[in-house]
Amino acid sequence: MELKLWNTMGREMQIFTPREKGKVGMYCCGPTVYDFAHVGNLRTYIFEDILRKTLAYAGYDVRHVMNVTDVGHLTDDADEGEDKMLKGAREKGKSVWEIAEFYTKAFFHDFGLLRCVTPTVICRATAHIQDMIDLISRIEKNGFTYVAGGNVYFDISKFPGYGKLALLDQQELKAGARIAVDEGKKNPRDFVLWFTKSKFEHQSMTWDSPWGRGYPGWHIECSAMSMKYLGEQFDIHCGGIDHPPVHHTNEIAQSEAATGKPWVTYWLHGEWLVMGKEKMAKSAGNFTTLSTLVEKGFDPLDYRYFCLGAHYRTQLAFTWEGLSAARAGRMGVVDKIAQLRAQSGHPPASPTGKALQYMADFETHAMDDLNMPRCLADLWTMLRDAEVPPADRLAAALRMDTIFDLGLSEAREAEVVPDEETRALLEQRELARKGRDFKKADEIRAMLLARGIEVQDSPGGPKLRIAAGQRRED
RNA sequence: GGCGCCGUACCCAAGAGGUAAGGGAGAGGUCUGCAAAACCUUUAUGCAUCGGUUCGAAUCCGAUCGGCGCCUCCA
């Protein structure tokens with residue numbers, strides 16, 4: 001199976017070839033745990049999860065590493081901003097460590113609700129300070145650094161090809177930059193590897209280092225940890241679309257300056273979820289969390305399905321209407337699967353006949369840079385194709401779901417076990433129906449609905465299901 | 001100012017030279033005591049606008065209009 005991926009490095013579609021046959025090393029930039037993740041953040045993790053599952057589908061053994069940034073980053077790069085962790089801690093009246101632990105838990109809770117597979121390795125920045133110090137030492141030894149004002153800087157002029165990922169060489173910095181240039185920097189794009197001088201509030205997280213007590217710059221953790229767990233060269237590095245210009249550009253410079261070798265082969269970046277006219281961002285105050293969606297009656301998987309509806313490299317507009325459409329779509333798939341399951345008895349282990357053609361289409365589209373919208377279309381077309389035996393449709397759908405991961409293997413006709421009262425009401429209603437007292441029957445149906453139970457009459461008797469969330473949300 | 005991206009039906013959204021996927025919503029129908037569910041049918045001679053290249057363009061080129069992102073922490 002040939003997997004094509006769009007590589008940000010070089011801006012072209014490439015056939016994926018791992019460094020080591022059958023194995024993939026993949027590093028994904030994780031969350032900074034100073035606040036809840038919003039659904040925009042989560043979109044990127046869903047994209048990475050789809051990537052991981054597609055790689056597994058293609059037969060690769062995937063080693064997936066993700067960092068958790070639990071050491072402060074500035075709120076901006078002007079060296080005047082506040083430390084995000086500190087800010088979060090102060091506002092919540094807790095220690096930075098408590099804040100980090102709390103939001104890390106919250107993050108992985110959401111992660112799981114979205115059926116994102118836990119990374120092979122989850123690494124916390126604060127647990128790898130020594131690795132960062134060692135890496136900075138190597139960079140220093142290779143002559144890529146200078147010290148100014150107590151901080152260790154990376155000198156980009158020493159690194160040929162700096163900014164290749166983001167095509168920075170084709171850009172001009174606007175004259176009279178909008179941020180005050182750090183006087184210590186030789187070049188505006190130089191960046192700090194190790195801080196000992198903090199211009200802002202008291203820094204409660206500091207460590208000893210060869211350059212003095214301080215804390216690491218905000219790019220070094222990804223270089224240090226990814227190489228620790230995946231080796232000095234590995235296959236895939238991904239993250240949000242905001243990363244190429246600064247974060248990933250600097251990671252590349254540091255890493256390759258340290259090892260003298262090309263670092264990562266494929267760079268993949270997920271586009272923004274946009275809210276209204278702007279990207280969703282904590283600073284813009286327009287962010288929505290997964291919990292908010294759940295409170296409004298959505299299943300986390302409705303959001304997963306919603307994300308699957310658009311390609312990961314295009315901006316996706318978040319609207320409640322769109323999310324409702326996704327819910328209806330997902331429910332449709334789930335119902336269809338339950339129906340097929342009821343019709344097919346024991347499904348064969350793998351699809352046969354015409355279902356194979358659908359599988360082939362699905363694979364072509366999945367391997368074409370993770371074209372999930374197209375894959376979803378393949379799923380739907382197959383599900384509705386009466387020429388394909390139910391057992392084959394079911395088997396194929398479940399196979400496809402190893403990538404979608406909408407929990408289809410668990411989808412069944414929701415069997416409601418009626419309690420005594422419900423049972424009594426149902427009996428009364430059937431009696432009324434037999435006596436053709438439909439007015440009373442409809443009244444009882446309304447009573448049951450009020451109890452959250454929907455009654456559907458069928459030739460085989462009344463069927464019960466849990467009433468779907470009917471709330472109108474906006 | 002520089003760089004990058006986008007504009008497809010009521011909504012979301014694929015397609016990237018060969019004649020518009022899919023979902024949602026709406027409409028009609030079958031079934032039903034009625035509903036619901038299910039199933040069937042239906043909804044863009046056209047893909048921002050105007051030119052150009054081509055046998056052929058939503059897809060390539062140019063211009064125009066509109067929108068977004070990055071150049072500053074950010075998924």
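The shown structure was predicted, so the numbers you read here are calculated from the model rather than taken from an experiment. Below, chains carry the letters A, B, ... as their sequence lines are ordered, and counting in each starts from 1.
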Just compare B/G22, B/G33, B/G24 and give me whichever is closest to any side-chain atom of A/Ala441. B/G33

Parallel, tilted or perpendicular for A/Phe36 and A/Phe102, by the 30°/60° rule? perpendicular

Given B/C39, is OP1 or OP2 found less than 4.0 Å from the side-chain N or O atoms of A/Lys336? yes

Could you check whether the side chain of A/Arg445 and the base of B/A36 have a donor-acceptor pair of N or O atoms closer than 3.5 Å, going by distance alone? no

With a 4.0 Å limit, can you tell me whether A/Ser324 has a side-chain N or O closer than that to the phosphate oxygens OP1/OP2 of B/G23? no

By side chain to side chain donor-acceptor pair (under 3.5 Å), A/Tyr45 pairs with (sequence neighbours left out) none

Considering only heavy side-chain atoms of A/Arg374, the closest of B/A21, B/G24, B/C68 is B/A21

4.5 Å side-chain heavy-atom contact, A/Asn67 and A/Tyr27: yes

Picking from B/A75, B/C68, B/A38, which would you name as closest to the side chain of A/Asp335? B/A38

Go through B/G22, B/A14, B/A37 for me and flag the one nearest to the A/Gln456 side chain. B/A37

Parallel, tilted or perpendicular, judged at 30° and 60°: which one describes the rings of A/Trp263 and A/His237? perpendicular

Stacking check A/Phe438 vs B/G33 (5.5 Å / 30 deg): yes

Go through RNA chain B and write down every stem, that is, every run of at least three consecutive Watson-Crick or G-U wobble pairs with distances under 3.5 Å, as range with range. B:1-7 with B:65-71, B:10-12 with B:22-24, B:26-30 with B:38-42, B:48-52 with B:60-64

